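Below you'll find the structure, written out as C-alpha cells, and then a few comments.
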Number of protein chains: 2
Amino acid sequence: MEKAPRQIILEAPSLEDALPIVKSGISHKRLVILAGRCSVEYEGRASSSLGPGERLIILKSDGSALIHRPKDYSPVNWQPPGSLFQTKLRENKLVIRIYHRKDHEVMEITFTGFKLVSILDLKDSGEFNLYASESDMQQAILTQPSIIEEGFRPITSEKPVDPGFIDVLGVDRNNVLTIVEIKRVKATKKAVLQLKKYMDVINLDSNRKVRAILVAPALAEGAEEILVSLGYEFKTLSPQYCAEILKLRGGKRITEYFK
Amino acid sequence: MEKAPRQIILEAPSLEDALPIVKSGISHKRLVILAGRCSVEYEGRASSSLGPGERLIILKSDGSALIHRPKDYSPVNWQPPGSLFQTKLRENKLVIRIYHRKDHEVMEITFTGFKLVSILDLKDSGEFNLYASESDMQQAILTQPSIIEEGFRPITSEKPVDPGFIDVLGVDRNNVLTIVEIKRVKATKKAVLQLKKYMDVINLDSNRKVRAILVAPALAEGAEEILVSLGYEFKTLSPQYCAEILKLRGGKRITEYFK
DNA sequence: TAATAAATGTCGTTT
DNA sequence: AAACGACGTTTATTA
C-alpha cells in the first residue's frame with residue numbers, strides 16, 4: 001500500500017523546482033495552492049486576457065480551478081469541475097493548461113515566478129445546512145398558513161402549470177382560489193410578471209375569481225405599480241421569520257403527535 | 001518609513017502561534033491564506049451551519065472572505081468586500097469573526113487546527129479584458145449590420161422603453177421597423193417574452209408593421225414554439241464571431257481612415 | 001440608494 | 001442532454 005504523502009509547502013521555489021511538485025500534486029488528485037506572478041488567457045464561452053501580476057491560484061482535485069486577484073469576491077478567471085490540468089515548462093516559464101473538454105474551454109496560466117507552492121490533502125466530510133431559503137418559506141406557509149392571512153388553506157404546492165410551477169395554490173376564508181408566489185428577497189417587476197403568467201393560465205381554465213398574492217420581505221417601487229394595476233396583492237414575509245416558524249414547529253411536532 | 005514586511009509561511013502552526021500572525025496579517029491589510037480543520041456559522045440574508053472539516057480560507061485586504069471545501073467551484077461560505085475581520089482564541093479554538101456591517105451579516109470560523117498559515121503581499125496591476133460579451137455582440141451588429149441580414153440599418157441601440165431597453169432598433173431593406181434582442185447564450189422562453197414586452201410597447205405606439213428578431217447562438221426548444229406563434233424571427237449569431245468582427249474592424253480602422 | 005439586466009453566471013431538479 | 005428557475009446569486013449601469 002502506498003504510504004500517505006506528506007503535504008508540501010515551498011516558499012518562492014524556482015520554476016524548475018516547482019514543476020515536478022505541481023505535476024505530482026495534480027496527478028495525485030491533491031489540492032494545489034499557488035501564489036506567484038502570472039498572466040492568464042481564456043477561450044471558451046467568452047475570451048479573456050489578463051496581463052502579468054501576482055495572484056492566488058487554486059487547483060482542486062475535482063478539476064475545478066480558481067484564479068484570485070488580491071481583491072474582490074469573485075475569481076478573475078476560473079474553470080468549473082471536470083477540467084484537466086497539464087503542466088510544462090515553456091520558454092523559461094511554467095505553463096498550466098486547464099482544459100474543459102465538455103464545455104470546449106481552455107485556460108492557460110503562464111507563471112514567471114512563485115511566492116508560494118503548496119500541495120495539501122484536505123479531508124472534509126462536514127455537513128452543510130442552509131436555513132431561510134425560499135423552500136423554507138414555502139414549508140412555513142404550508143405548516144402555518146395563517147402567516148399569509150387568517151383562514152388561508154393551501155391545496156397544493158409546486159403545482160406544475162404551462163409556464164412553470166405555482167409556489168402555493170390554496171383557497172382563502174371565502175373559498176376563493178388563491179395563487180401565492182414566494183420570493184426570499186425584495187420582489188421586483190419580474191416576480192410580478194411571473195405571477196401574471198400563472199394567473200393568465202389559471203384564468204384561461206376557470207371563470208371564477210382568482211386572487212394573486214405576492215409574498216416577499218419587501219416590494220420594489222416599479223413592481224408595486226404593476227402589482228396594483230393588475231389587482232394583485234402583497235404580503236410582507238421574511239425568510240428569517242419563516243425559518244423561526246419551522247424551528248418552533250420542529251420542536252412542537254412531538255406534542256402535536258400526542259394530541 | 002516602515003520596512004516592507006516579508007511574507008510568512010507556516011506549516012501546521014499551533015493555534016497560539018497562528019494567532020498573532022493572523023492578527024498582524026489582517027491589520028496590515030495583507031492576504032491571509034489558511035488551511036485547517038474548522039467549522040463555520042453564518043447569519044445574514046440566510047443562515048448556515050457547516051460542521052467540522054478541513055478547508056481553505058482566504059481573507060483579502062478589501063474585506064472579502066472565501067471558505068473553500070476540497071471540491072467545487074463555489075465557496076461553501078463567503079463574505080463580500082467590506083467585511084471586518086476579528087481574531088481571538090476562545091476555549092482552545094481560534095475564532096475568526098467576519099462582520100459585514102452594511103449588510104448586517106456575520107460569519108464565524110472556528111479553527112481547531114492548522115495545516116498552513118500564510119501571509120502574502122500580492123501586487124497586481126495587470127489589465128483584464130473580456131471579449132465576446134453581449135455588448136460586443138451589439139457593437140458588432142452596429143458596425144456590421146449585414147450580419148443580421150442584408151440591408152439591415154440600425155437606428156438606435158439601448159433605446160429606453162417602458163419595460164427596459166431595446167438592444168438594437170433599426171429598419172430592414174424594406175424600411176420595416178425591426179426590434180433586435182440579443183442573447184449571448186442559447187435563448188430561452190424568457191428571452192422571447194422579453195422581446196414580446198418590447199413589441200407590445202412598440203405596437204401600442206404605432207400601427208405600422210414591426211419585425212422582431214431574436215439574435216443568439218441557439219434557440220431553446222420551448223422558446224422556438226412561442227417565437228413562431230408570435231411571428232417573431234430568429235437569427236443565429238455567436239458572441240465569438242462578433243468578437244472576431246470587432247477585432248477585424250479594430251485592425252481595419254487605420255486603413256479606413258485613409259480611404 | 002434603488003432598480004434593472006447581464007453573467008464565461010452557477011447549481012439543482014425535472015423532463 | 002436540454003430546459004427552467006432559484007441563488008446568501010454577484011456585478012455593473014443608470015436613474
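Numbers restart at 1 for each chain; the letters A, B, ... are given by sequence-line order, proteins then strands. Just so it is clear, the structure is predicted and the values come from calculations on it, not from any experiment.
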Given atom CD1 of B/Ile182 and atom P of C/dA7, what is their separation to the nearest angstrom? 10 Å
Can you find a donor-acceptor N/O pair under 3.5 angstrom joining the side chain of B/Asp103 to the base of D/dG8? no
Is B/Arg45 near enough to D/dA6 that one of its side-chain N or O atoms lies under 4.0 angstrom from OP1 or OP2? no
Whole-Å distance between C/dT10 P and A/Gln79 CD? 9 Å
Upstream residue (5' side of DNA chain C) when A/Lys190 and A/Phe165 are each assigned their closest nucleotide: A/Lys190
Could you check whether B/Asn129 and A/Ser48, counting side-chain N and O atoms only, form a donor-acceptor pair closer than 3.5 Å? no
Grab the CD1-C1' distance between A/Ile226 and C/dT4 for me, whole Å please. 12 Å
Note: for B/Pro81 and B/Val76 on DNA chain D, the residue whose nearest nucleotide lies more 5' is B/Val76
Rounded to the nearest angstrom, tell me the gap between atom CD in A/Gln139 and atom C1' in D/dA6. 16 Å
May I ask you to verify if any side-chain N or O of A/Lys183 is less than 4.0 angstrom from the OP1 or OP2 atom of D/dA6? yes
Take atom C1' in C/dT14 and the same atom in D/dG8, then report the distance between them in whole Å. 24 Å
Establish, from distance only, whether the side-chain atoms of A/Ser64 and A/Asp62 form a donor-acceptor pair under 3.5 Å. yes
Map B/Tyr73 and A/Lys186 onto DNA chain C by nearest heavy atom, then report which one ends up closer to the 5' terminus. A/Lys186
Classify A/Val106 by what it touches in the nucleic acid, base, sugar-phosphate, or nothing, heavy-atom distance under 4.0 Å. nothing
What is the base-pairing partner of D/dA2, counting Watson-Crick and G-U wobble geometry with both distances under 3.5 Å? C/dT14
Take atom CD of A/Glu134 and atom P of D/dA6, then tell me their distance rounded to the nearest Å. 6 Å
When the distance from OH of B/Tyr131 to P of C/dT8 is rounded to whole Å, what number comes out? 14 Å
Result for 5'-nearest mapping on DNA chain D, choosing between B/Glu221 and B/Met107, is B/Glu221
Does the aromatic ring of B/Tyr42 sit over the six-membered base ring of D/dG8, closer than 5.5 Å centre to centre and tilted less than 30°? yes
Roughly how many Å is it from CD in A/Glu105 to P in C/dT8, rounded to a whole number? 11 Å
Would you check, one step at a time, whether the test salt bridge (Lys or Arg N to Asp or Glu O under 4.0 Å) holds for B/Glu181 with B/Lys183? CA-CA 7 Å; B/Glu181 172 66 25; B/Lys183 289 293 161 196; 3.6 Å; yes
List the steps, then state whether side chain to side chain contact (heavy atoms under 4.5 Å, CB included) holds for A/His68 with B/Leu66. CA-CA 11 Å; A/His68 272 277; B/Leu66 302 164; 3.1 Å; yes
Phosphate OP1/OP2 of D/dA3: any B/Lys189 side-chain N/O under 4.0 Å: no
When you get a sec, tell me which of D/dT11, D/dG5, D/dG8 is the closest nucleotide to the side chain of B/Asn77? D/dG8
Applying the 5.5 Å / 30° rule, does B/Trp78 stack onto the base of D/dG8? yes
Between A/Gln240 and A/Tyr131, a side-chain donor and acceptor under 3.5 Å: no
Base D/dG5 to side chain A/Gln194, donor-acceptor N/O within 3.5 Å cut-off: no
Can you check whether A/Ser133 has a side-chain N or O nearer than 4.0 Å to OP1 or OP2 of D/dG8? no
Rounded to whole angstrom units, what separation is found between the CD atom of B/Glu224 and the P atom of D/dA3? 10 Å
Under a 3.5 Å cutoff, is there a donor and acceptor pairing between the side chains of A/Ser157 and A/Asp167? no
Pairwise C1' distance for C/dA7 and D/dG5, with rounding to whole Å: 16 Å
